[in-house]
**Student:** 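Structure provided below as structure tokens; questions to follow.
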There are 2 protein chains.
Amino acid sequence: MIDKTSGVPAYRQVATDIRAKIESGEYAPGAPIPSERTLVDQYGVSRPTIRDAIALLRQEGALIAEHGRGVFVRPRATVQRLSRSRLSRDARTANRGAFLGDASAGGFTPSTTVKIRFEPADERTADLLGLDAGEEVTVRDRVMRADGLAVMLAVSRLPRSITRGTAIEEVNTGPGGAYARLEENGHTLTHFEEIVSARMPTPEEASILQLSSGVPVVRVTRVAYAGRAVEVNDMTLASDRYELIYHIPAD
Amino acid sequence: MIDKTSGVPAYRQVATDIRAKIESGEYAPGAPIPSERTLVDQYGVSRPTIRDAIALLRQEGALIAEHGRGVFVRPRATVQRLSRSRLSRDARTANRGAFLGDASAGGFTPSTTVKIRFEPADERTADLLGLDAGEEVTVRDRVMRADGLAVMLAVSRLPRSITRGTAIEEVNTGPGGAYARLEENGHTLTHFEEIVSARMPTPEEASILQLSSGVPVVRVTRVAYAGRAVEVNDMTLASDRYELIYHIPAD
DNA sequence: GAGTGGTCTAGACCACACG
DNA sequence: GTGTGGTCTAGACCACTCC
């Protein structure tokens, strides 16, 4: 099965063969592939070589290993589509914030853990919010859960000068969320910018979001403007469970 | 250096230690870490164990290995920010398409390889474009390069019924690009939708985009509407070189 | 208990970079 | 040539799952 004269490393040949069997459907989504020791016999290479091949496919997100059970073809995850136009004022007033709006759209039971803290603005935050470095910011550090499973991390930072004395400094921001409180205090939101990127998770993120290997996170940095920048919100999402959908006018 | 009684695998302890040294700046971005054989001595474990630790950090995108040279802390890449509002008509008429617009903004020399083909619509394409499965679509398969380096893959599909006889079926679509040709033929663009997600690259994508391990790709599916859906464009970008920026009105 | 993946060793040889 | 990472072997023992 393995051509030792081709110059292609054995573990890559094995990986290519298994990948082909996944694509052809011979190994179906959710089904186990043969055990490592079986593959050792099939391909005539050592177990570390088989493990190298499996490691490569796990990295690509094609396989998932479960200790004591086997190695499985990654099942296709159900993807939630998060519409970013839900940031509009109409949608905001109709529910208690973007995440809760998504919950009602997605049919899952939401819960959130919030930690509030105050800290001096670091350079990036000061730059995005138009503050002097070191000015105090209110930090709302949240873990959003859907049916108990953590699905999004979100860290909002707002100038303390505009949150002092408001429910934004409380765990529960009240109806309409932090944006409603801002507008009540004269900070009428004009627009948002969202900067979207992706990277591999830190070990901590992988643990909280229960990501299996080979699953990147999508990073969204949202800056809310009410004339000036009033909030920067760094969000981290599991890329196998969420996609973002943006609406762009043609003119 | 390694606590064999802690229950934490040795390779993870080594990875955690190296990660800490990267975060503290002891191992600086772009600088090499000690050689594998040096680390074997430092931590008192075997070379495969050291390699497991390095593999973990490469997966996380923290380290880059170069054959024959060493293992380096990943340098922070220069990130291009792609503004999606550039899809607006004003910007379109001012230059020859979104990518070329980005080029002038980013100060790099663009080049593109285009392959045209015609094929029956698969299920997803038919669904997005509102066609019957099997209806013929025009496929524009492009590799965009900046200063010679491939930075984006883009595959556009349009109903052949609206591209027949137009420059959209040619390699060179002419001034303003395919969107300008659509509008000339009565398909006035109304809006776009962009669906954004991320995943690890296929081996082919990693090769074309010259991605090092631990770098996911951002996937953008853009659907262009002119009353009806007229184009679906699947784009693949290296996540360490590009971020997308979206502008969202507050109401 | 039997089978699975996870960790680890102590080597060997190859391929690549650089002086 | 010397040092680097890349590949590979033939084991061993551990931890977990399931019957």
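The structure presented is a predicted model; accordingly, all values stated were derived computationally and were not measured. By convention in this document, chain letters (A, B, ...) are assigned in the order of the sequence lines, proteins followed by strands, and residues within each chain are numbered from 1.
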**Student:** Between Glu193(A) and Arg222(A) (side chain of the first, backbone of the second, donor and acceptor by atom type, cut-off under 3.5 Å), is there such a pair?
**Tutor:** no
**Student:** Rounded to the Å, how far apart are Gln13(B) CD and dG6(C) P?
**Tutor:**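 Roughly 19 Å, once rounded to whole Å.
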**Student:** Short question: side chain of Thr38(A), backbone of Pro34(A) - any donor-acceptor pair under 3.5 Å?
**Tutor:** no
**Student:** Summarise how protein sits on nucleotides 9-19 of chain D as a single string, 5' to 3': B when a protein heavy atom is under 4.0 Å from the base, S for sugar-phosphate-only contact, - for no contact.
**Tutor:** BB-B--BBSS-
**Student:** Are side-chain heavy atoms of Phe192(A) and Val223(A) found at a separation under 4.5 Å?
**Tutor:**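 The answer is no; the side chains never approach within 4.5 Å.
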**Student:** Given dG5(D), is OP1 or OP2 found less than 4.0 Å from the side-chain N or O atoms of Arg51(B)?
**Tutor:**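 For dG5(D), neither OP1 nor OP2 has a side-chain N or O of Arg51(B) closer than 4.0 Å.
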**Student:** Give, ordered by number, those residues of residues 201-208 of chain B having at least one heavy-atom distance below 4.0 Å to an atom of DNA chain D; if nothing qualifies, reply none.
**Tutor:**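 Residues of residues 201-208 of chain B under 4.0 Å from DNA chain D: none.
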**Student:** Is any side-chain heavy atom of Phe72(A) closer than 4.5 Å to one of Ile33(A)?
**Tutor:** no
**Student:** Under the salt bridge (charged side-chain N to carboxylate O under 4.0 Å, His left out) rule, what do Arg140(B) and Glu231(B) come out as? Steps first, then yes or no, please.
**Tutor:** CA-CA 11 Å; Arg140(B) 299 179 51 82; Glu231(B) 183 217 27; over 6 Å; no
**Student:** From dT7(C), dT4(C), dG6(C), pick the nucleotide closest to the side chain of Ala65(A)?
**Tutor:** dG6(C)
**Student:** Separation of Arg12(A) atom CZ from dC14(C) atom C1', in whole Å?
**Tutor:**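 For the pair Arg12(A) CZ and dC14(C) C1', the rounded distance is 15 Å.
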**Student:** Between dT4(D) atom C1' and Ile33(B) atom CD1, what is the distance in whole Å?
**Tutor:**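 One finds 12 Å between C1' of dT4(D) and CD1 of Ile33(B), rounded.
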**Student:** For Ser213(A), check side chain to side chain donor-acceptor pair (under 3.5 Å) against everything at least two apart and list the hits.
**Tutor:** none
**Student:** Tell me the interatomic distance from Leu57(A), atom CG, to dG5(C), atom P, rounded to whole angstroms.
**Tutor:**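 Rounded to the whole Å, the gap is 14 Å.
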**Student:** Rounded to whole angstroms, how far apart are CD on Glu36(B) and P on dC16(C)?
**Tutor:** 16 Å
**Student:** Do the side-chain N or O atoms of Ser35(A) get closer than 4.0 angstrom to the phosphate oxygens (OP1, OP2) of dT4(C)?
**Tutor:**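 Checking Ser35(A) against dT4(C): at least one side-chain N or O falls below 4.0 Å of OP1 or OP2.
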**Student:** Are there over 12 heavy-atom neighbours, none belonging to Arg76(A), within less than 6.0 Å of that residue's CZ?
**Tutor:**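 Result for CZ/Arg76(A): open.
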**Student:** When you compare the side chain of Leu153(A) with that of Leu209(A), does any pair of heavy atoms fall below 4.5 Å?
**Tutor:**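 Yes, their side chains come closer than 4.5 Å.
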**Student:** Measure the distance from CD on Glu66(A) to C1' on dG5(C) and round it to the nearest whole Å.
**Tutor:**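 That distance rounds to 11 Å.
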**Student:** Please give, in whole Å, the distance from dT4(C) P to Arg58(A) CZ?
**Tutor:** 17 Å
**Student:** Expressed in angstrom and rounded to an integer, what is the separation of Tyr43(A) atom OH from dT7(D) atom P?
**Tutor:**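 Distance check: Tyr43(A) OH to dT7(D) P gives 18 Å.
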**Student:** Kindly indicate, with the supporting measurements, whether the criterion side chain to side chain contact (heavy atoms under 4.5 Å, CB included) is fulfilled by Ile116(A) and Val139(A).
**Tutor:** CA-CA 6 Å; Ile116(A) 310 278; Val139(A) 184; over 6 Å; no
